[in-house]
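Only this structure's heavy atoms are used, side chains among them; waters, hydrogens and symmetry mates stay out. Keep in mind it's a predicted model, so treat the numbers as computed, not measured.
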Amino acid sequence: PLWCSFVPDPDVVPPQLAFAIGRAVGSAVDRNRLRRRLRAILGTCELPAGLWLIGATPRANEHSFAQLEGTVRELVIAAQRRVETMS
């Protein structure tokens, strides 16, 4: 339900977040609720320095907060692994 693009940049502290949540996800209320939930989740994560783009598919609104939290944590771990392999 979520995807992530990450560009590591040690000069970008704190990490910058952007969201790609299109109209297909739902009404403006649904999209804003999802964005607030994602911000709350990402606020508890230790994100590496850089630029983050978090996107959502229409299925994202069907997931509970706990499910979204697990997905976000998996995305962050995968991004960190990619950074480690690049180094």
Side-chain angles (χ1 to χ4, degrees):
L2 300 174
W3 54 268
C4 171
S5 293
F6 172 63
V7 177
D9 187 348
D11 296 330
V12 181
V13 177
Q16 292 183 2
L17 292 171
F19 298 96
I21 303 174
R23 288 184 180 173
V25 174
S27 68
V29 172
D30 293 334
R31 295 191 308 269
N32 288 330
R33 182 181 300 123
L34 178 59
R35 190 175 293 112
R36 285 191 304 269
R37 293 167 78 192
L38 292 173
R39 277 195 192 117
I41 292 167
L42 289 162
T44 64
C45 295
E46 287 215 18
L47 299 175
L51 306 170
W52 292 83
L53 176 63
I54 308 293
T57 66
R59 292 187 347 227
N61 271 339
E62 300 169 5
H63 287 74
S64 69
F65 188 86
Q67 291 170 319
L68 287 174
E69 188 172 29
T71 303
V72 167
R73 293 196 188 281
E74 289 173 9
L75 290 173
V76 170
I77 290 169
Q80 289 173 331
R81 284 188 191 138
R82 279 184 258 138
V83 170
E84 291 170 1
T85 59
M86 291 171 52
S87 301

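V29 and F19 fall into different hydrophobic clusters, where Ile, Leu, Val, Met, Phe, Trp and Tyr residues are linked whenever their side-chain heavy atoms come under 4.5 Å apart, directly or through other members. In the hydrophobic clustering of this structure, L17 groups with V25; members are Ile, Leu, Val, Met, Phe, Trp, Tyr whose side-chain heavy atoms approach within less than 4.5 Å, directly or through other members. Hydrophobic clustering of Ile, Leu, Val, Met, Phe, Trp and Tyr side chains at less than 4.5 Å, counting indirect connections, unites I21 with F65.
The two residues Q67 and E62 have their closest heavy-atom pair at OE1-O, 4.3 Å. Across R31 and G26, no two heavy atoms sit closer than the pair NH1-O, 2.7 Å.
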Do any side-chain atoms of residues 34-43 form donor-acceptor pairs under 3.5 angstrom with protein atoms, and if so which ones, sequence neighbours left out?
residue, atom, partner, partner atom, Å
R35, NH1, N32, OD1, 2.6
R37, NH2, H63, O, 3.1

With a 3.5 Å cut-off and sequence neighbours excluded, list the donor-acceptor pairs that the side chains of residues 47-58 form with protein atoms.
residue, atom, partner, partner atom, Å
W52, NE1, P48, O, 3.2
T57, OG1, P1, O, 3.2

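Residues passing the side-chain hydrogen bond (donor to acceptor under 3.5 Å, both in side chains) test with D30, sequence neighbours excluded: S27, R33.
Atoms SG and CD, from C4 and E74 in turn, are 12.0 Å apart once rounded to the nearest 0.5 Å.
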